[in-house]
Amino acid sequence: MNRLINEKSAYLRHSAHQLIDWYPWSEEAFERAKKEDKPVFLSSGAIWCHWCHVMAEETFNNTEIIEFLNNNFICIKIDRDERPDIDRRMQMAVQTISGTGGWPLSVFLTPDGYPFFGGTYFPPEDAHGRAGFKRVLRTVIDFYKKNKEQLLEQSSRLMNLLSENKDVRGDIRSALIEIAKSSLISSFDPVHGGFGQAPKFPMPGVIEFVINRLFFEERENFLYKVLNSTLTAMAEGGIHDQLGGGFHRYATDEAWIIPHFEKMADDNAWLLRNYIDACRLTGSSYFKEVAEGIINFVRTTLSDPDGGFYASQDADVTPEDEGGAFTWSYDELKNVLDEQEFTVLTLHLLHERGSMPHDPSRKVLFVVKTPEEIGSLTGMNEKHVNEIIKRAKEKLLRYRKTRKQPFVDKNLYTSLNGMMITSFLKAGRYLNKKSCVDYALKTVRRILSLRYKDGQLYHSEDVKGMLEDYVYLIEALLLSYEVTADRDYLGKAIELMDSTTRLFYDTASGGFFDTEEPVLGIRLKTIEDIPHPSANSLAIIMLLKLFHLTDRNEYLKFAEDSLRTFSVRAKGNGIFSAYYFVALDMYFNMLRLSIHASKDSELSRTALTFFRPYVTLRYEEQDALSFYEEKDFILPCLRERCLEPIFDSKELVDFLKAKIKTEN
């Protein structure tokens with residue numbers, strides 16, 4: 001048993017019985033490294049990570065490797081979900097050194113904590129074109145002993161490179177929105193949907209940008225094909241759990257069929273937003289069904305009874321059986337289903353393209369034929385086919401639940417909870433899911449109780465809050481205010497934003513740093529979506545909303561300065577900074593609806609439930625209701641220009657449907 005046994009992270013505790021002399025990230029570990037003049041080996045991973053478990057089983061249980069590590073290195077293990085700040089810097093370093101990144105991340109550091117070499121997964125021996133860890137360890141320690149001064153200088157130069165200010169300020173131009181559209185269209189996969197090539201990740205920031213642009217543009221626009229084919233392809237693919245709902249992290253192939261099976265809170269929070277918004281924009285009942293499946297997965301698997309959303313569900317039960325909890329053999333399907341169900345379901349969800357590479361007898365379920373196509377093949381009417389599919393899926397899900405289930409990481413991280421609270425409130429707002437609102441508000445109260453102490457926000461129990469914790473919780477609080485009209489939520493959001501600008505804002509060149517204090521000697525200021533949207537982009541959006549809610553000009557100034565700071569970099573990144581363009585789009589098209597009516601009035605309900613991007617609802621104080629002889633009304637303001645008041649719901653709907661824009 002090593003020092004990890006008392007850690008809060010389930011991933012670290014998972015390694016507590018290994019014979020490697022692991023430390024958590026701590027001063028104690030680096031003090032020992034300096035005292036004994038040994039390099040540090042850092043392993044960063046997560047409980048949901050398949051290859052982390054494989055490396056733990058194959059490499060970290062190898063007797064020769066254990067002995068070599070314990071004799072020559074100080075070994076540190078971190079959970080990338082618990083310490084995203086450290087992991088982010090290590091990822092950047094390893095990508096700079098070797099051009100690779102991901103998890104498990106294997107990094108070699110100087111006793112001062114500066115990285116000088118690294119990679120990802122290493123098998124024990126040379127295999128499959130990868131260097132074996134035994135050879136890597138011998139090479140590293142030999143180089144460290146013979147070239148220490150050179151190595152220390154090299155690692156110092158690397159950290160200086162990572163900390164360089166990359167800001168080249170630009171203008172706030174609406175023309176950049178068109179450039180962003182061209183970038184995403186050029187990256188669009190017209191055959192399989194999505195963007196880029198395998199491996200394929202959902203890109204929720206890109207999808208939200210497309211949805212919002214489509215609201216203001218004609219339905220015949222090519223962006224509609226981008227949206228519909230991407231969301232449909234993902235929903236029909238193996239990346240989408242066809243039985244239990246929710247999405248796995250990414251697909252290893254271009255067609256979204258074979259996933260990596262971990263199911264993450266952040267991915268599902270953002271995809272829930274995408275499918276809700278797309279449903280409201282297009283009226284698609286299929287997108288609504290997918291959104292409801294995500295909600296069901298989150299409520300049954302990632303929800304704490306006392307409020308709060310868990311971080312993730314593991315990919316596997318054992319490292320040897322990748323995806324075993326989610327995949328099927330023909331024999332299993334035959335044993336569970338009757339003959340008719342088997343015939344229909346295999347036509348619907350089973351194909352050789354879903355064969356698992358390590359065991360082709362195991363299949364990933366994905367949509368092969370639609371119910372309409374099955375009806376044409378079998379002579380059944382489509383309604384009957386749908387009934388059979390529904391019945392068969394329910395049987396399979398019940399059977400699947402009898403299998404040993406993948407581990408669920410029950411840590412309540414503030415940033416992840418902020419994301420999911422917002423998504424559940426959206427479900428209540430646009431899909432009329434009152435239970436989602438109730439649970440989201442319960443979670444807001446619990447997270448504030450657990451993670452906000454004496455003016456300090458925490459990421460987890462002992463880890464100070466980072467930028468993403470602040471801005472995602474602010475977003476959740478502002479939507480809580482809009483849904484309930486309770487000004488306490490608005491007050492708490494203002495309090496947290498004022499802390500955010502004080503603790504994280506770069507007063508020299510604009511934008512927000514990711515941490516309060518330097519980590520490994522540096523503070524990072526990023527605009528990339530990795531892959532969930534950038535905290536800086538969301539911070540800009542929250543500042544714009546708060547400007548509308550409070551009329552405090554400093555919020556607008558912070559937002560404008562940040563837009564200028566990241567303008568050139570975001571343009572160069574294209575779709576990898578898509579959420580910056582959502583923030584930019586909001587800057588030019590933000591609409592405030594000042595509500596002079598009770599929260600439960602028909603006018604207020606219409607304002608809340610009609611989908612129009614970039615709307616901020618501001619509930620005015622009750623003494624303002626007498627302005628128009630106590631009639632209910634809404635005053636719409638487009639940026640700095642207010643229009644005529646609106647007195648009834650139909651008039652409000654007509655106004656919102658008119659898609660009045662303010663673009664320059």
Side-chain angles (χ1 to χ4, degrees), residues 2 4 11-12 14-25 29 33 38-80 83 86-110 113-145 147 151 154-155 158 199 249 252 260 262 314-316 318-322 357-358:
N2 55 50
L4 303 182
Y11 177 63
L12 298 188
H14 188 73
S15 299
H17 295 281
Q18 290 174 355
L19 296 179
I20 295 172
D21 189 17
W22 291 115
Y23 283 83
W25 183 269
K38 289 180 178 178
V40 172
F41 169 63
L42 173 76
S43 177
S44 177
I47 196 69
W48 45 261
C49 169
H50 168 74
W51 287 102
C52 298
H53 297 314
V54 172
M55 191 166 175
E57 186 69 25
E58 292 180 350
T59 305
F60 295 150
N61 281 335
N62 181 285
T63 303
E64 186 179 341
I65 289 172
I66 292 168
E67 184 177 354
F68 198 92
L69 279 171
N70 287 342
N71 289 337
N72 295 281
F73 296 87
I74 304 302
C75 299
I76 296 176
K77 185 175 279 283
I78 66 168
D79 181 339
R80 59 84 62 188
R83 294 304 306 261
I86 299 169
D87 178 80
R88 190 175 297 122
R89 286 154 176 77
M90 295 301 173
Q91 292 284 351
M92 291 173 65
V94 171
Q95 286 164 7
T96 302
I97 293 165
S98 66
T100 63
W103 301 279
L105 190 71
S106 304
V107 198
F108 296 92
L109 317 176
T110 67
Y114 294 159
F116 62 85
F117 180 71
T120 53
Y121 162 74
F122 290 108
E125 310 284 353
D126 294 0
H128 312 299
R130 288 180 176 270
F133 202 49
K134 292 178 183 178
R135 180 156 67 92
V136 169
L137 291 175
R138 287 192 293 268
T139 302
V140 167
I141 201 66
D142 184 61
F143 188 83
Y144 180 81
K145 289 178 178 178
N147 304 277
L151 184 149
Q154 175 185 313
S155 65
L158 174 62
R249 193 162 70 98
T252 60
H260 264 204
E262 56 268 23
D314 199 348
D316 316 302
T318 65
E320 299 81 19
D321 187 22
E322 184 178 2
H358 73 286

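Only a predicted model underlies this, so the values are computations on that prediction, with no experimental measurement involved.
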_Closest non-hydrogen atom pair, Ala315 against His50_ = CB-CB, 4.4 Å
*asked:* Per the side-chain hydrogen bond (donor to acceptor under 3.5 Å, both in side chains) rule, what does the pair list look like for residues 128-141, sequence neighbours excluded?
replied: Glu64-Lys134, Glu125-Lys134, Asp126-Arg135
*Check side chain to side chain contact (heavy atoms under 4.5 Å, CB included) between Glu320 and all other residues, then give those that pass, not counting sequence neighbours.*
Glu57, Thr318
*Among all residues two or more places apart in sequence or in another chain, which pass the side-chain hydrogen bond (donor to acceptor under 3.5 Å, both in side chains) test with Arg89?*
Asp514
*Between SG on residue Cys75 and CD1 on residue Ile20, distance to nearest 0.5 Å*: 6.0 Å
*asked:* If I compare all heavy atoms of Ala93 with all of Pro115, which pair ends up nearest, and what's the gap?
replied: CB-CG, 3.5 Å
*Name all residues meeting the side-chain hydrogen bond (donor to acceptor under 3.5 Å, both in side chains) criterion together with Asn71; count only those two or more places apart in sequence or in a different chain, and write none if there are none.*
none
Distance-only check: which donor-acceptor pairs under 3.5 Å involve side-chain atoms of residues 101-109, not counting sequence neighbours?
{"from": "Trp103", "atom 1": "NE1", "to": "Asp87", "atom 2": "OD1", "distance (Å)": "3.0"}
{"from": "Trp103", "atom 1": "NE1", "to": "Asp87", "atom 2": "OD2", "distance (Å)": "3.4"}
{"from": "Ser106", "atom 1": "OG", "to": "Thr120", "atom 2": "O", "distance (Å)": "2.8"}

_Atom CD of Gln95 with >12 non-hydrogen neighbours under 6.0 angstrom_ = yes
*Would you check, one step at a time, whether the test side-chain contact (heavy atoms from CB on, under 4.5 Å) holds for Leu137 with Phe122?*
CA-CA 10 Å; Leu137 291 175; Phe122 290 108; over 6 Å; no
_Where Ala29 and Ile76 come nearest, the two heavy atoms and their spacing_ = CB-CD1, 3.7 Å
*Nearest heavy-atom pair of Ser98 and Gly118: which atoms, and what distance?*
OG-O, 3.7 Å
*Using ring pair (Phe, Tyr, Trp, His ring centres under 6.0 Å) as the criterion, list what pairs up with His14, not counting sequence neighbours.*
His53
*Roughly how far, to the nearest 0.5 Å, is the CG atom of Asn61 from the CD1 atom of Ile66?*
5.5 Å
*What's the spacing between Ile74 CD1 and Phe41 CZ if we round to 0.5 Å?*
13.0 Å
*Hey, mind stepping through Met90 and Ser44 against side-chain contact (heavy atoms from CB on, under 4.5 Å) and telling me if it holds?*
CA-CA 9 Å; Met90 295 301 173; Ser44 177; 5.9 Å; no
*asked:* Please check: side-chain N/O of Asp21 versus main-chain N/O of Asn70, any donor-acceptor pairing under 3.5 Å?
replied: no
*Which residues satisfy the side chain to side chain contact (heavy atoms under 4.5 Å, CB included) test with Pro124, sequence neighbours excluded?*
Glu58, Thr59, Asn62, Ile65
*For Phe60, check ring pair (Phe, Tyr, Trp, His ring centres under 6.0 Å) against everything at least two apart and list the hits.*
Trp22
*Looking at residues at least two apart in the chain, or sitting in another chain, which of them share a side chain to side chain contact (heavy atoms under 4.5 Å, CB included) with Ile97?*
Phe117, Leu158
*Heavy atoms, side chains only, cut-off 4.5 Å: are Ile47 and Asp79 in contact?*
no
*Pair Leu69-Phe133, side-chain contact (heavy atoms from CB on, under 4.5 Å): steps then yes or no*: CA-CA 10 Å; Leu69 279 171; Phe133 202 49; 4.2 Å; yes
*asked:* I want to check something: taking the side chain as every heavy atom from C-beta on, are Trp25 and Leu42 in contact at a cut-off of under 4.5 Å?
replied: yes
*For Pro123 and Ala131, which heavy atoms make the closest approach, and how far apart are they?*
CD-O, 3.6 Å
*With sequence neighbours left out, write down each residue that passes ring pair (Phe, Tyr, Trp, His ring centres under 6.0 Å) with Tyr144, or none if nothing qualifies.*
none
_To the nearest 0.5 Å, what is the distance between CD on Glu262 and CG on Asp316?_
8.0 Å
*With sequence neighbours left out, write down each residue that passes side chain to side chain contact (heavy atoms under 4.5 Å, CB included) with Ala16, or none if nothing qualifies.*
Asn2, Leu4, Ile5
*So which heavy atom on Gly119 is nearest to which on Thr100, and how close?*
CA-OG1, 4.2 Å
_Show, in sequence, the C-alpha distance, side-chain angles and deciding distance for Tyr11 and Arg80, and conclude whether the side-chain contact (heavy atoms from CB on, under 4.5 Å) test is met._
CA-CA 9 Å; Tyr11 177 63; Arg80 59 84 62 188; over 6 Å; no
*Only counting residues at least two apart or in another chain, list the ones meeting ring pair (Phe, Tyr, Trp, His ring centres under 6.0 Å) with Tyr121.*
Trp51
